[in-house]
Amino acid sequence: ENKNNQEYWLGRARYYQGRKEDTNVVAAFEKALSLSSSQTDNKVIAGQRRQAVDSYCHYLRNTSRADKAAALWFSEFQ
């Protein structure tokens with residue numbers, strides 16, 4: 001269990017989703033994103049961040065926050 005690992009926090013987000021703990025889901029996704037930079041030349045890190053952004057946007061859209069999902073997506077990939 002490495003709390004400084006993005007995968008750990010994505011796993012926590014999935015866990016909290018199953019428990020329908022929205023506040024914890026959002027916090028876990030935010031923590032996962034904080035552990036990687038959107039400005040990197042490392043393809044592995046960029047791919048991991050993209051996975052985190054995709055998962056978070058999917059969650060936001062499914063919880064009626066499409067506007068927040070769109071803002072996150074565009075801030076990452078503009």
Side-chain angles (χ1 to χ4, degrees):
E1 172 174 313
N2 181 356
K3 292 184 179 180
N4 291 319
N5 181 297
Q6 182 179 358
E7 286 300 314
Y8 170 82
W9 289 103
L10 291 175
R12 296 310 296 169
R14 287 188 296 274
Y15 170 78
Y16 292 131
Q17 283 177 44
R19 296 177 55 89
K20 305 207 183 311
E21 296 180 19
D22 182 69
T23 301
N24 290 330
V25 173
V26 170
F29 275 125
E30 294 290 336
K31 181 67 176 176
L33 290 177
S34 77
L35 293 172
S36 65
S37 172
S38 60
Q39 305 299 317
T40 183
D41 291 330
N42 183 312
K43 291 183 182 201
V44 172
I45 293 171
Q48 290 171 341
R49 184 165 179 94
R50 171 98 187 226
Q51 176 191 6
V53 170
D54 286 347
S55 295
Y56 193 14
C57 286
H58 180 77
Y59 175 76
L60 291 170
R61 284 190 307 272
N62 284 339
T63 56
S64 302
R65 292 177 274 192
D67 54 336
K68 186 171 180 177
L72 173 60
W73 184 264
F74 287 119
S75 73
E76 287 286 322
F77 304 114
Q78 60 177 339

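All figures in this text were calculated on a predicted structure; none of them were measured in a lab. Residues: numbered from 1 along the sequence shown.
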Exercise. Taking all atoms of both residues into account, what is the closest heavy-atom pair of V25 and A13, and its distance?
Worked result: CG2-O, 3.9 Å
Exercise. Quick one: does L33's side chain get under 4.5 Å of V53's, heavy atoms only?
Worked result: yes
Problem set entry | Smallest separation among heavy atoms of A69 and C57, with atom names | O-SG, 3.4 Å
Problem set entry | Set of salt bridge (charged side-chain N to carboxylate O under 4.0 Å, His left out) partners for E21, sequence neighbours left out | R19
Exercise. How would you list all residue pairs meeting side chain to side chain donor-acceptor pair (under 3.5 Å) that involve residues 61-77, not counting sequence neighbours?
Worked result: D22-R65, R49-E76, H58-N62, T63-R65
Exercise. Taking side chain as C-beta onward, heavy atoms only, is R50 less than 4.5 Å from F77?
Worked result: yes
Exercise. What about V44 and L10, same hydrophobic cluster or not, with Ile/Leu/Val/Met/Phe/Trp/Tyr joined at side-chain heavy-atom distances under 4.5 Å?
Worked result: no
Exercise. What closest approach, in Å, do A32 and Q6 show between heavy atoms, and which atom pair accounts for it?
Worked result: O-CG, 3.5 Å
Exercise. Between atom CG of N4 and atom NZ of K31, what is the distance when rounded to the nearest 0.5 Å?
Worked result: 6.5 Å
Seminar exercise, completed: For Y59 and V26, the nearest pair of non-hydrogen atoms, with its separation, is CE2-CG2, 4.3 Å
Exercise. Which value, rounded to the nearest 0.5 Å, describes the distance between D54 atom CG and Q51 atom CD?
Worked result: 8.0 Å
Problem set entry | Nearest-0.5 Å distance that lies between atom CD in Q48 and atom CG in L35 | 10.5 Å
Problem set entry | Distance, nearest 0.5 Å, that separates CG of N24 from CZ of F29 | 12.5 Å
Exercise. Which value, rounded to the nearest 0.5 Å, describes the distance between E30 atom CD and L72 atom CG?
Worked result: 7.5 Å
